[in-house]
Amino acid sequence: AQSVTQLGSHVSVSEGALVLLRCNYSSSVPPYLFWYVQYPNQGLQLLLKYTSAATLVKGINGFEAEFKKSETSFHLTKPSAHMSDAAEYFCAVSDNAGNMLTFGGGTRLMVKP
Amino acid sequence: ETGVTQTPRHLVMGMTNKKSLKCEQHLGHNAMYWYKQSAKKPLELMFVYNFKEQTENNSVPSRFSPECPNSSHLFLHLHTLQPEDSALYLCASSQDGMNSYNEQFFGPGTRLTVL
């Protein structure tokens, strides 16, 4: 069975500060990992995904994530937060048993001016 | 229309009503999904259809009945719902339901309120 834990249901940063959203997973096989973003009243949009190629994955809007197998982590970072980054972020894992995603509980990112 | 669309965007229904949610994808995908997003709970996968065949039913109560007439359309028929079924229902699609690296594309969701 696979699972995802997102530490911190709410994260607040100042505009221009580093964004770090944490994700730890468990999976019995090498996983595929995804980060999605959800803006208010919208569906989920893919930010980036790890599919066993490069361990540092670059996504849209300046976000990136690093797959660390030894730590079973896939934390999401952005060097400088922008007001428009305020949203809810979801980490998800998919194993080799078909294209079914298991989501973490989500982290709401707030950006202060 | 592009991407994944869902109608209606908002729905209020009584516990004795029957209603349906509709999802349509314009991406040429072969797999479609229903998710439930409740406050303070992770997204829950409800159903998966791959090439119009249901491949996953995640222990969903029978008051939710999915229908997939073709690879582009997915319905969720609702009857005798409970107030705890109030949630955002998200539809998604992907190239197929077999390869775990395929990205899922989500619709905007239907906000359901059961009175």
Side-chain angles (χ1 to χ4, degrees), chain A residues 1-10 23-54 57 59-60 65 67 74 87-108, chain B residues 2-10 21 23-25 27 29-51 53-59 74 87-111:
Chain A
Q2 55 195 24
S3 65
V4 178
T5 301
Q6 291 184 240
L7 286 176
S9 59
H10 292 79
C23 173
N24 288 89
Y25 70 91
S26 69
S27 175
S28 57
V29 298
Y32 299 107
L33 294 157
F34 304 80
W35 273 102
Y36 283 86
V37 61
Q38 186 178 30
Y39 298 102
N41 300 315
Q42 294 187 28
L44 278 68
Q45 178 185 3
L46 183 72
L47 277 177
L48 49 81
K49 65 179 181 181
Y50 167 76
T51 56
S52 74
V57 183
I60 62 171
F67 172 68
F74 191 57
E88 189 148 23
Y89 292 79
F90 294 92
C91 182
V93 62
S94 177
D95 62 21
N96 290 321
N99 196 12
M100 290 189 292
L101 295 175
T102 298
F103 284 88
T107 297
R108 185 167 299 279
Chain B
T2 59
V4 181
T5 58
Q6 292 186 242
T7 54
R9 294 292 310 275
H10 300 272
L21 309 185
C23 175
E24 183 173 2
Q25 58 93 3
L27 300 167
H29 289 164
N30 295 300
M32 297 187 78
Y33 311 77
W34 279 118
Y35 288 88
K36 177 183 179 183
Q37 185 177 28
S38 306
K40 302 182 192 255
K41 291 177 70 175
L43 268 80
E44 302 170 67
L45 178 66
M46 300 175 73
F47 301 104
V48 180
Y49 278 82
N50 196 31
F51 292 91
E53 299 296 321
Q54 185 175 293
T55 56
E56 182 73 16
N57 176 338
N58 199 19
S59 303
L74 184 65
L88 182 69
Y89 288 85
L90 291 165
C91 174
S93 71
S94 67
Q95 186 59 48
D96 63 56
M98 302 306 295
N99 291 305
S100 301
Y101 52 78
N102 283 333
E103 172 188 354
Q104 292 184 21
F105 292 78
F106 284 80
T110 295
R111 174 71 61 187

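Residue numbering restarts at 1 for every chain, and letters A, B, ... go by the order of the sequence lines.
- When all heavy atoms of Phe103(A) and Pro42(B) are compared, the closest pair comes out as O-CB, 3.9 Å.
- With a threshold of 4.5 angstrom between heavy atoms, Phe90(A) approaches chain B through side-chain atoms but not through N, CA, C or O.
- Here the side chains of Leu101(A) and Leu43(B) are not in contact, with every heavy-atom distance at 4.5 Å or above.
- In this structure, chain A has a heavy atom under 4.5 Å from the side chain of Glu56(B), while its backbone stays farther away.
- The part of Gln37(B) that comes within reach of chain A is its side chain, from C-beta onward, which places non-hydrogen atoms under 4.5 angstrom from that chain.
- Checked by atom type and distance alone, the side chain of Arg111(B) never pairs as donor or acceptor with a backbone atom of Asn41(A) at under 3.5 Å.
- The ring-ring contact (aromatic ring centres under 6.0 Å, His included) with Tyr36(A) is formed by just one residue from the set Phe105(B), Tyr35(B), Phe106(B); it is Phe106(B).
- Among all heavy-atom pairs drawn from Phe34(A) and Glu103(B), the shortest one is CE2-CA, 4.4 Å.
- Most heavy-atom pairs under 4.5 Å with chain B, from the set Thr102(A), Thr51(A), Leu44(A): that is Leu44(A).
- For chain B, the nearby part of Gln38(A) is the side chain; its heavy atoms alone come within less than 4.5 Å.
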